[in-house]
Undergrad: 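I am attaching a structure below and will ask some questions about it afterwards.
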Amino acid sequence: MSSVEKTSLNASGQLPLGPSTGIDRQNVMRIKVNKVAIVQDLRVEHVTSPLLEKGVISEKDLQKIENGRTPQDRARILVDLLPTNSKNTDWYKHFRDSLQNPDASPETRKRYKHLVDFLDNTVIHRPTSQAGRFRYTNTQSTRSLPPIYSQTDQTSTTLQHYPPLPDIASKETSHEERTPNDPQNPEKKDVKVKVGHQNMTLVKGFFHQWLPTPDNFKSHLEIPQSHLDQLMSSSNPNDTQLIEMEKLALENLKKVELISALAQRKQLPLGFELCMCDAIQDILNSPDLFHLYMKYLPALEAEEISLVTNLQSSFVSVLQLLESSSTSDIVNQVTQLGLKLSHFLLTINKFSEAESTLVSIINFLKQSTNLDFWITRYQAYVKLMLTCNLSYQLDKAQGAYFDAVQMQYQIDMMSFSQKVIYEGSMHAETSHMLLEYGSIVSSLGWARKSLRETDPNDPASIVRSLCVAIDAYCAHWMVKRAELLAVYVVQYARKYFGERHPAYFDALLHFCHFNTEFKQDESGITASKELLEVAEKTYGCESIQLALAHREMSKALMFSQKIDEDDYYSHAIEAVRIARSLIGQGDPQLHLFLHTLATALQWKSLKCPKEIKDSTLHWAEAEAKQALAIVTSTFGEISLKSGQMLLLLGQIYSKMNNHPVIEEDLLDVSARLLTQAVDYLKLCQPPSSFYLLFGMANLATFYKILLKPDLAIPRFKYVVEHAESTGSYIHWVHKCYENLASLYNSIGENQEADLIQVKLSHWLKANPAKNEVIDFAVLQEDPIPFPSFITKADIWGTAIQKAMALPSEKAFVPLGHLDKREYIPLVVNYVW
């Protein structure tokens with residue numbers, strides 16, 4: 001049996017309805033539903049003779065059929081011609097007979113027998129008479145069925161007889177709930193009706209079939225009451241709107257729950273594919289609701305319904321059985337479905353399943369050289385980069401990058417200097433990947449390029465590019481530019497997605513990150529509180545986003561010196577608890593939460609009673625060591641991340657009084673770790689990197705406290721000589737100037753101290769010590785158009801782009817509109 005027999009794709013063209021009887025319309029529907037399988041498997045020369053003899057087709061029709069270029073083209077023409085012969089009302093019977101008795105080999109006859117089985121088992125069944133009434137599951141409103149279901153009750157096969165259901169499941173529909181069919185207003189919904197003593201459910205996908213509802217079926221899904229109460233008690237109109245979205249998402253998922261119940265009882269038609277049914281299509285076609293399904297997955301798991309696994313495996317099985325030589329429309333529908341599915345899986349934090357889905361799409365498209373699939377393949381590579389970046393699989397992200405560049409090069413070669421794809425998303429993921437590796441200079445370059453080349457009509461890509469750019473500018477300590485982006489991304493996400501959407505959460509998260517790094521004021525605390533509320537209400541369950549919100553809240557309190565109470569510590573603990581419960585102990589993302597918790601414990605040790613100070617620091621040590629082990633295995637022993645973890649671990653040891661395991665002096669251990677951290681940062685960072693300068697400042701301060709000016713002075717001097725002006729005041733850089741001057745004075749080198757004071761005055765003039773608090777109300781203002789903002793935010797890059805007339809300035813031309821000429825792909829070596 002061919003894969004396309006199991007898919008539920010409809011043909012791209014519409015079958016003309018010649019005969020007007022109810023039976024003929026049902027037969028047309030059977031042909032239409034099975035058209036993909038017929039076109040793939042049928043060879044017209046095996047069946048045309050009996051069809052000619054019976055008058056189903058004419059010699060003229062046969063000539064049209066033989067004009068087809070491929071066997072699939074000829075089969076498609078035949079299938080389209082079959083129902084147009086209104087003079088022959090037995091056309092379906094004769095076509096079915098020709099499939100049962102083809103002029104072909106035994107193996108081909110066996111394959112055709114499967115086609116006949118599929119035709120016979122495609123039940124277009126109306127369980128009641130034409131005057132019957134329909135009622136939807138779990139709703140008080142009534143709607144109509146598509147016109148095809150309002151024909152007479154006659155099929156080529158019958159449903160299996162089932163014993164009556166108990167009274168509890170066979171309640172009669174009331175007169176008020178009944179509504180006549182309205183053929184003018186068809187709706188694609190799963191429907192439940194009562195026939196005699198049986199409840200029936202319409203399962204729609206490749207097979208449109210009525211099936212008995214499982215005995216005493218009752219949905220176990222409901223909106224969590226605490227979440228619902230929180231939304232209903234709010235006066236925020238965004239929360240009122242979210243309630244309606246929650247109800248719609250719940251209704252969609254209940255249909256899938258019912259289908260899963262049918263699957264568990266083996267009551268679904270042979271060949272039914274979950275990923276192709278209408279219930280799943282309703283979910284995948286509403287991306288703004290994706291995040292709302294996350295909270296229901298545990299309830300489905302409790303019912304032994306693994307929705308994510310079933311969806312992903314169903315799609316992979318369809319791809320495995322579908323031939324890449326299928327028509328472009330069919331392949332495009334399947335692969336676009338896969339991209340939607342991967343986006344759904346990403347939104348609900350199922351990274352491994354999303355990766356598997358994307359790899360399946362890419363491997364499938366690699367089998368074809370059809371130009372129509374190039375852009376889809378490029379999109380899959382970019383989406384795979386995003387997936388691997390979010391799951392910290394940077395080696396796989398790098399592989400996807402090379403493949404995306406190769407694909408983009410081929411598309412550009414074939415487009416003859418016309419712009420057919422926006423490369424901003426690929427550049428954004430490249431920037432993210434390089435920044436995680438610690439390549440901050442390259443990361444900034446790609447981030448700028450991403451902002452200039454992002455599709456201006458794709459808000460989701462714009463938010464992603466802005467967030468990546470904020471991280472890159474923060475890594476370079478370009479404070480003013482980072483602030484400009486951080487404010488704009490919140491305004492933009494709020495306008496285009498609303499305040500209860502993952503895009504708004506990401507935007508606000510990056511604003512909080514910027515504020516914690518540089519501003520460290522009340523606006524950061526206000527934004528972090530807002531972030532926490534957004535995470536709680538948007539997702540309505542424990543999620544990695546909620547853990548990130550608690551982490552930002554903890555950081556905002558610590559860096560704003562709000563450590564008199566333990567709120568900063570409580571948020572850090574909650575962040576780690578949620579993260580560990582969701583992603584496990586060894587997940588690379590866990591290092592973020594462990595670093596914050598270890599930092600919080602270090603702060604807590606300064607305020608806690610003396611008798612528990614060391615135990616608190618030992619706890620911080622354990623968390624920091626686990627974080628170090630994770631980043632070493634993920635990013636390598638010598639990396640920016642490992643340097644930062646060693647820096648934290650050295651600071652923790654410097655505060656300890658004793659250690660039950662380490663026999664050597666703890667100050668020596670601390671000095672060794674701090675020195676090792678600085679050495680690692682020297683190897684993987686440019687000389688003026690603020691990560692390196694910060695590590696050097698910590699090591700210098702450590703030696704100053706130990707009264708070792710000979711070791712402290714060279715390190716303070718390195719910071720002073722390499723710290724570039726950012727236009728913004730940086731407290732610890734100021735302290736390095738003052739400490740260096742005081743150390744020179746302490747050893748009698750007053751002239752050197754005076755010189756440092758002069759340099760400090762110049763530095764303060766270039767970086768004035770004024771901290772303008774960002775009014776949170778600014779974040780709620782409407783943003784300017786994105787193209788105008790880019791011109792403002794990146795004046796130099798925009799000017800260069802216009803001067804050089806880069807390809808991005810040229811008109812956007814879809815690939816399908818280009819001449820498909822013969823060409824030989826070039827083999828290009830790409831150097832990282």
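The first residue in the sequence is number 1, and the count goes up from there. Only a predicted model underlies this, so the values are computations on that prediction, with no experimental measurement involved.
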Undergrad: Mind checking the CD1-CZ spacing from I57 to F95? Nearest 0.5 Å is all I need.
TA: 10.5 Å

Undergrad: Enter the distance from S286:OG to K340:NZ here, rounded to the nearest 0.5 Å.
TA: 9.5 Å

Undergrad: Cut-off 3.5 Å, side chains only: do E355 and S391 have a donor facing an acceptor?
TA: no

Undergrad: How long is the straight-line distance from CG of L258 back to CG of L253, given to the nearest 0.5 Å?
TA: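 Result: 11.5 Å between the selected atoms.
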
Undergrad: Give the minimum heavy-atom separation between S342 and L339, together with the two atoms involved.
TA: OG-O, 2.7 Å

Undergrad: So M414 and V420, do their side chains get closer than 4.5 Å, heavy atoms only?
TA: no

Undergrad: When you compare the side chain of K113 with that of R109, does any pair of heavy atoms fall below 4.5 Å?
TA: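 With C-beta onward as the side chain, the pair stays apart.
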
Undergrad: Under a 3.5 Å distance rule, please check whether R74 uses its side chain to pair with a backbone N or O of G68 as donor and acceptor.
TA: yes

Undergrad: Just do the side chain to side chain contact (heavy atoms under 4.5 Å, CB included) check on K93 and N27 with the steps written out, would you?
TA: CA-CA 9 Å; K93 175 181 178 300; N27 290 334; over 6 Å; no

Undergrad: Among side-chain atoms of D412 and Q408, is any donor-acceptor pair under 3.5 angstrom?
TA: yes

Undergrad: Locate the shortest heavy-atom distance separating V334 from F315; write the atom from each residue and the value.
TA: O-CE1, 3.3 Å

Undergrad: Side-chain contact, heavy-atom cut-off 4.5 Å: L297 with K350?
TA: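 They are in side-chain contact.
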
Undergrad: Any chance you could measure I38, atom CD1, to D41, atom CG, to the nearest 0.5 Å?
TA: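 Between I38 CD1 and D41 CG, I get 9.5 Å after rounding to 0.5 Å.
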
Undergrad: Please walk me through it: do R76 and D80 pass salt bridge (Lys or Arg N to Asp or Glu O under 4.0 Å)?
TA: CA-CA 6 Å; R76 187 180 302 106; D80 289 343; over 6 Å; no

Undergrad: For S317 and E273: C-alpha separation, side-chain torsions, deciding distance, then whether side chain to side chain contact (heavy atoms under 4.5 Å, CB included) applies.
TA: CA-CA 9 Å; S317 68; E273 287 292 355; 3.3 Å; yes

Undergrad: Set out, in order, the CA-CA distance, both residues' side-chain angles and the distance that settles side chain to side chain contact (heavy atoms under 4.5 Å, CB included) for Q393 and F351, then state yes or no.
TA: CA-CA 10 Å; Q393 300 184 79; F351 300 122; 5.7 Å; no

Undergrad: Main chain of L311, side chain of S314: is a donor-acceptor contact present, judged purely on distance under 3.5 Å?
TA: no

Undergrad: Quick one: CZ on F290 to CG on D288, what's the gap to the nearest 0.5 Å?
TA: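 Interatomic distance, F290 CZ to D288 CG, rounded to 0.5 Å: 9.0 Å.
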
Undergrad: So, for S360 and V316, which heavy atoms are closest and what is the spacing to 0.1 Å?
TA: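 Shortest heavy-atom separation between S360 and V316 comes out as OG-CG2, 3.4 Å.
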
Undergrad: Test: ring pair (Phe, Tyr, Trp, His ring centres under 6.0 Å). Region: residues 48-75. Which pairs qualify, not counting sequence neighbours?
TA: none

Undergrad: To check you understand the geometry: which heavy-atom pair defines the closest contact between K255 and A279, and what is its length?
TA: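 Where K255 meets A279 most closely, the heavy atoms are CB-CB, 3.9 Å.
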
Undergrad: Do L346 and T387 make a side-chain contact, defined as non-hydrogen atoms from C-beta onward lying under 4.5 Å apart?
TA: yes

Undergrad: Taking side chain as C-beta onward, heavy atoms only, is H343 less than 4.5 Å from L284?
TA: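 In short, these two side chains do not touch, never coming nearer than 4.5 Å.
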
Undergrad: Can you confirm whether R111 sits close enough to L115 that some side-chain heavy atom of one is under 4.5 Å from a side-chain heavy atom of the other?
TA: no

Undergrad: Identify the two heavy atoms, one from I259 and one from C277, that lie closest to each other, and give their separation to 0.1 Å.
TA: CD1-SG, 3.8 Å

Undergrad: Considering only heavy atoms from C-beta outward, does the side chain of Y293 approach that of T347 to under 4.5 Å?
TA: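 Side-chain contact under 4.5 Å: no.
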
Undergrad: Do any N or O atoms from the side chain of S356 and from the backbone of E353 form a donor-acceptor pair under 3.5 angstrom?
TA: no

Undergrad: Quick one: pull up CG in L337 and CG in N332 and give me the separation to the nearest 0.5 Å.
TA: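 Result: 11.0 Å between the selected atoms.
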
Undergrad: Could you go through V28 and W91, starting from their C-alpha distance and side-chain angles, then the distance that decides it, and tell me whether this counts as side chain to side chain contact (heavy atoms under 4.5 Å, CB included)?
TA: CA-CA 10 Å; V28 168; W91 63 270; 3.9 Å; yes

Undergrad: Output yes when a side-chain donor or acceptor of N389 lies under 3.5 Å from a complementary backbone atom of E429, and no otherwise.
TA: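 Judged by distance alone, yes, a pair lies under 3.5 Å.
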
Undergrad: Do L365 and V331 come close enough that some side-chain heavy atom pair is under 4.5 Å?
TA: yes

Undergrad: Any sub-3.5 Å donor-acceptor pair from Q312's side-chain atoms to L307's backbone N or O?
TA: no

Undergrad: Tell me which donor-acceptor pairs under 3.5 Å the side chains of residues 376-386 have, and how far apart each pair is, sequence neighbours excluded?
TA:
residue: T376; atom: OG1; partner: Q336; partner atom: NE2; Å: 3.4
residue: R377; atom: NE; partner: Y381; partner atom: OH; Å: 3.3

Undergrad: How about D61 and S58: does a side-chain donor come under 3.5 Å of a side-chain acceptor?
TA: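 Their side chains do contain a donor-acceptor pair, which is all the 3.5 Å distance test asks for.
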
Undergrad: Whether the side chain of S313 engages the backbone of N310 through a donor-acceptor N/O pair (distance < 3.5 Å, no angle test) should be reported.
TA: yes

Undergrad: Anything under 3.5 Å between a donor and an acceptor, one on a side chain of residues 45-53, the other on a protein residue two or more places apart or in another chain? List them.
TA:
residue: H46; atom: ND1; partner: Y112; partner atom: OH; Å: 2.8
residue: T48; atom: OG1; partner: V44; partner atom: O; Å: 3.3

Undergrad: Can you name the closest pair of heavy atoms from G424 and S450 and give their distance?
TA: O-OG, 2.9 Å

